[in-house]
Undergrad: 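Have a look at this one.
Below, read A as the first sequence line, B as the second, and so on, with proteins coming before strands; counting in each chain starts at 1. Computed from a predicted structure; not experimentally measured.
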Amino acid sequence: MEELKIYNTLTRKKEVFTPIQPKFVGIYVCGPTVYGHAHLGHAKSYISFDIIVRYFRYLGYKVRYVQNITDVGHLVTDADEGEDKIVKQARLEQLEPMEIAERYTRSYFEDMDMLNVLRPDISPRASGHIPEQIELAQRLLEKGYAYEVNGNVYFDVQKFKEYGKLSGRKPDELAAAVRIQPNPEKKHPADFAVWKRAEPGHIMQWNSPWGRGYPGWHAECSVMSTKYLGQPFDIHGGGIENMFPHHECEIAQSEAAFDKPFVKYWMHNNMVTVNGQKMGKSLGNFITIKNAVKKYSPLAIRFFVLSSHYRSPLDFSDQALEAAEKGLARFHQTFVRLLKAKPAQDGKDENFEKEIDSYRRKFIEVMNDDFNTPNALAQLFEFLKEINIWLDHGKDVAKETHKKAIKIIDETAGEVLGLLPEEYSEIEAKSSGDVDLIIQILIDVRAALRKEKNFALADEIRNRLSELNIELKDTPQGTIWEYR
RNA sequence: GGCGACGUACCCAAGUGGUUAAGGGAGAGGUCUGCAAAAUCUCGAUUCGCCGGUUCGAAUCCGGCCGUCGCCUCCA
């Protein structure tokens, strides 16, 4: 079996994945700051990592997936001044900051559930890990990697010689390119806050050895990842826009504090764009998931995300979403057709067993290549075509092979890609209860009419059912029906 | 200005040294059907932004140019 290869941002190469502990994967992904509804950018990010986690599990790994909730407000403009984002939203909605955090945390999970994104195993809140963040700052001070000025604790980037190894940024280059007024408290413009003094009126604040304050933006991820996964841990993921400064600073803090590597594989997913421009909260051009699902089905959004590689940007357009919607519908239709097919014989169909094995092999091969989901979808669609041809033949459909075909799709497109609903009935014609019996009567009557060549009445039955979104399809094996 | 990514058919998008350049959507034509729908078959880039170079051989490697985007400031 081919080995799983992951593109590691740290080395800028695809590397064979070898876990730190056998058969166990620890993965941490930067979660949302909860001060607004999640948008399609979040959807791409968390669907991508969902697939990665699901695929590891499919390969038999035990996965611990940690994704933080940032409920400590960080600043609206830059790292040193301005208003706290959560506090600002709290003022706008006239709620307590913690109500804002709670409201949008719930909203986030609702959206992710809709998109069939499995919940992380641990969703730690930044506000619940303040003591650990204070400890990190203290440790860095003790080791001389940080210094305190007026209640602020800054990390001294010049002391950490590997600063820049992830992003390729060097402190001196950064100093030359500063676009904002250098903070006079800092020794070097690239120094960043591990702990910040609370200004008067700052609502979210805690006691610390340096007075009232709150943690720096990067502290929570350093602390919460290693608390639950140890140091080093296997995979740290996040958006490419957080590579610098956020992830660079996490590395600096954690490695300086504990003198050992922080993370083995860094994974960065690319962004969603709208008309070629980044979709982001700051640009205000974002489409929330709640709005998107008014127009497109959640699984179609998922399909759309999977249709490009996680490291490529994904441009949102109605045309692309409609294409995804149709592609997904075609997959579901074929799957329903397979589910409903009546095997014509017992045992196996050796020829089709080979098709199934070939599909499984290719699926694993392309997923092993840095989670190539667009290629995985291509393999799926080629397999669907083979299924249709097989079902068209009818006579070859053997019981065991039929079961195996359903199982392989359930595993690959269902468990790994997450493109099947929990209950097949959501995409299946509901073939239980009275509805099915009543429609069967209509189908039988229509068959009789067609036999008498009374096509006008036969068509009326089909048209009137069609108005109820019930579609009749005359196949060589008889008439079948499904909800559109 | 510095760093990085990308440019493949009408749209989306794989492929990154070697048989006919995946797949989805849209389109054209055929088969099937009473007609549809679904399914299936065929067609569609002699060519991968442009120009040079390396190589027996490049969309794929190297150099230059053009274009788009991202990061350098909160951001998934």
Undergrad: Got a sec, which residues hit salt bridge (charged side-chain N to carboxylate O under 4.0 Å, His left out) with A:E102, two or more places apart in sequence or on another chain?
TA: A:R106

Undergrad: Is A:Y46 touching bases, backbone alone, or none of the nucleic acid, heavy atoms closer than 4.0 Å?
TA: sugar-phosphate

Undergrad: Rounded to whole angstrom units, what separation is found between the CG atom of A:D369 and the C1' atom of B:G15?
TA: 10 Å

Undergrad: In whole Å, what separates the C1' atom of B:G44 from that of B:G27?
TA: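 That atom pair is separated by 9 Å.
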
Undergrad: Under the side-chain contact (heavy atoms from CB on, under 4.5 Å) test, which residues partner A:L442, sequence neighbours left out?
TA: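 Counting only residues at least two positions away or on another chain, A:L442 forms a side-chain contact (heavy atoms from CB on, under 4.5 Å) with A:I461, A:L465.
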
Undergrad: Show me the donor-acceptor pairs, under 3.5 Å and distance only, between side chains in residues 265-275 of chain A and residues at least two apart or in other chains.
TA:
residue: A:Y265; atom: OH; partner: A:V16; partner atom: O; Å: 3.2
residue: A:Y265; atom: OH; partner: A:T18; partner atom: N; Å: 3.0
residue: A:Y265; atom: OH; partner: A:T18; partner atom: OG1; Å: 3.4
residue: A:H268; atom: ND1; partner: A:T9; partner atom: OG1; Å: 2.8
residue: A:H268; atom: NE2; partner: A:H247; partner atom: ND1; Å: 2.8
residue: A:N269; atom: OD1; partner: A:S45; partner atom: OG; Å: 3.3
residue: A:N270; atom: ND2; partner: A:R311; partner atom: O; Å: 2.9
residue: A:T273; atom: OG1; partner: A:D315; partner atom: OD1; Å: 2.6

Undergrad: Can you check the distance between B:C48 and B:G53, where both ends of the measurement are the P atom (answer in whole Å)?
TA: 16 Å

Undergrad: In residues 374-383 of chain A, what donor-acceptor pairs under 3.5 Å come from side-chain atoms, sequence neighbours left out?
TA:
residue: A:N375; atom: OD1; partner: A:Q379; partner atom: NE2; Å: 2.9

Undergrad: Can you find a side chain N or O atom of A:K170 that sits less than 4.0 Å from OP1 or OP2 on B:G2?
TA: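 The answer is no; no side-chain N or O of A:K170 sits under 4.0 Å from OP1 or OP2.
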
Undergrad: When the C1' atoms of B:A58 and B:U46 are considered, how many whole Å apart are they?
TA: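 Roughly 15 Å separates the two C1' atoms.
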
Undergrad: In whole angstrom, give the distance that lies between atom CE of A:M267 and atom C1' of B:A5.
TA: 17 Å

Undergrad: May I ask you to check whether A:H39 and A:T288 show a side-chain donor-acceptor distance below 3.5 Å?
TA: no

Undergrad: Can A:Y359 and A:T412 be counted as having a side-chain donor-acceptor contact under 3.5 angstrom?
TA: yes

Undergrad: Base, sugar-phosphate or nothing for A:G276? Non-hydrogen atoms, less than 4.0 Å.
TA: sugar-phosphate

Undergrad: Write down the distance between OH (A:Y296) and P (B:G24), rounded to a whole number of angstrom.
TA: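 Interatomic distance, OH of A:Y296 to P of B:G24: 21 Å.
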
Undergrad: Kindly write out the residues that satisfy side-chain contact (heavy atoms from CB on, under 4.5 Å) with A:R169, not counting sequence neighbours, or none if the list is empty.
TA: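 For A:R169 the side-chain contact (heavy atoms from CB on, under 4.5 Å) partners, ignoring immediate neighbours, are A:S167, A:L174, A:F244.
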
Undergrad: Both A:R12 and A:Q277 contact RNA chain B. Taking the nearest nucleotide for each, which residue is further toward the 5' end?
TA: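 Nearest nucleotide further toward 5': that of A:R12.
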
Undergrad: Could you check whether atom NZ of A:K170 has more than 12 heavy atoms from other residues, nucleotides or ligands sitting under 6.0 Å from it?
TA: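 Counting neighbours around NZ of A:K170, more than 12 heavy atoms of other residues, nucleotides or ligands fall under 6.0 Å, so yes.
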
Undergrad: Taking side-chain contact (heavy atoms from CB on, under 4.5 Å) as the test, write out the residues that go with A:Q158, two or more places apart.
TA: A:D156, A:H188

Undergrad: Applying a 4.0 Å non-hydrogen cut-off, can you work out what A:M243 is touching in the nucleic acid: base, sugar-phosphate, or nothing?
TA: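 Nothing, no heavy atom under 4.0 Å.
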
Undergrad: Quick check: does any side chain N or O of A:S466 sit under 3.5 Å from a backbone N or O of A:N469, one acting as donor and the other as acceptor?
TA: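 Absent.
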
Undergrad: One character per nucleotide, please: for nucleotides 9-14 of chain B, 5' to 3', B when the base has a protein heavy atom closer than 4.0 Å, S when only the sugar-phosphate does, - otherwise.
TA: --S-SS

Undergrad: In whole angstrom, give the distance that lies between atom CD of A:E241 and atom P of B:A5.
TA: 17 Å

Undergrad: How does RNA chain B look in dot-bracket notation if pairs are Watson-Crick or G-U with both distances under 3.5 Å, crossing ones as [ ], other-strand ones as |?
TA: ((((((((.[[[..)..(....]]].(((((.......))))).....[[[[[..)....]]]]])))))))....

Undergrad: A:A378 has a side chain; which of B:A22, B:A76, B:C72 sits nearest to it?
TA: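 Closest of the options to the side chain of A:A378: B:A22.
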
Undergrad: What is the separation between atom CG on A:N270 and atom C1' on B:A5, rounded to the nearest whole Å?
TA: 7 Å

Undergrad: Rounded to the nearest Å, what distance is computed from the NE2 atom of residue A:H37 to the P atom of nucleotide B:A76?
TA: 15 Å

Undergrad: Base, sugar-phosphate, or nothing for A:V272, non-hydrogen atoms under 4.0 angstrom?
TA: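 Since a base atom lies under 4.0 Å of A:V272, the category is base.
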
Undergrad: Name the nucleic acid region contacted by A:E382, choosing base, sugar-phosphate or nothing; use a 4.0 angstrom heavy-atom cut-off, strictly under.
TA: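 Since only primed, P, OP1 and OP2 atoms lie under 4.0 Å of A:E382, the category is sugar-phosphate.
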
Undergrad: Give me the distance, rounded to whole Å, that separates B:U60 from B:G18 when you measure between the P atoms they each carry.
TA: 12 Å

Undergrad: Please report the distance separating the P of B:C61 from the corresponding atom of B:G17, rounded so that it comes out in whole Å.
TA: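 Pairwise P distance, B:C61 against B:G17, rounds to 7 Å.
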
Undergrad: In whole angstrom, give me the gap between the P atoms of B:G25 and B:A37.
TA: 16 Å

Undergrad: Would you measure the distance from the P atom in B:A45 across to the matching atom in B:C32 and give it in whole Å?
TA: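 The same atom, P, in both gives a distance of 28 Å.
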
Undergrad: Could you tell me the separation between the CG atom of A:N269 and the P atom of B:G4, rounded to a whole number of Å?
TA: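 Going from A:N269 (CG) to B:G4 (P), I get 21 Å.
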
Undergrad: For nucleotides 29-40 of chain B, give me one character per nucleotide, 5' to 3': B if any protein heavy atom sits under 4.0 Å from the base, S if the only such contacts are to the sugar-phosphate, - if neither.
TA: -----BBBBSSS

Undergrad: When rounded to the nearest Å, what value does the distance between P atoms of B:U31 and B:G23 take?
TA: 24 Å

Undergrad: How would you list, by chain and number, every residue that makes a ring pair (Phe, Tyr, Trp, His ring centres under 6.0 Å) with A:F335, sequence neighbours excluded?
TA: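 Applying ring pair (Phe, Tyr, Trp, His ring centres under 6.0 Å) to A:F335 gives A:Y424.
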
Undergrad: Nearest whole angstrom, please: distance from the C1' of B:U16 to the NZ of A:K14.
TA: 8 Å

Undergrad: For residues 444-454 of chain A, dump all side-chain donor-acceptor pairs below 3.5 Å to protein atoms at least two apart in sequence or in another chain.
TA:
residue: A:D444; atom: OD1; partner: A:Q440; partner atom: NE2; Å: 3.3
residue: A:R446; atom: NE; partner: A:A458; partner atom: O; Å: 3.2
residue: A:R446; atom: NH1; partner: A:D474; partner atom: OD1; Å: 3.2
residue: A:R446; atom: NH2; partner: A:D474; partner atom: OD2; Å: 3.0
residue: A:R450; atom: NH2; partner: A:D474; partner atom: OD2; Å: 3.4
residue: A:N454; atom: OD1; partner: A:L457; partner atom: N; Å: 3.3

Undergrad: Which residue in the set A:R302, A:R119, A:K290 passes salt bridge (Lys or Arg N to Asp or Glu O under 4.0 Å) when paired with A:D111?
TA: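 Exactly one pass, corresponding to A:K290.
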
Undergrad: Who are the side-chain contact (heavy atoms from CB on, under 4.5 Å) partners of A:Q277, not counting sequence neighbours?
TA: A:N285

Undergrad: Go nucleotide by nucleotide along RNA chain B from the 5' end; which of A:Y7 and A:A324 gets its closest nucleotide reached first?
TA: A:Y7

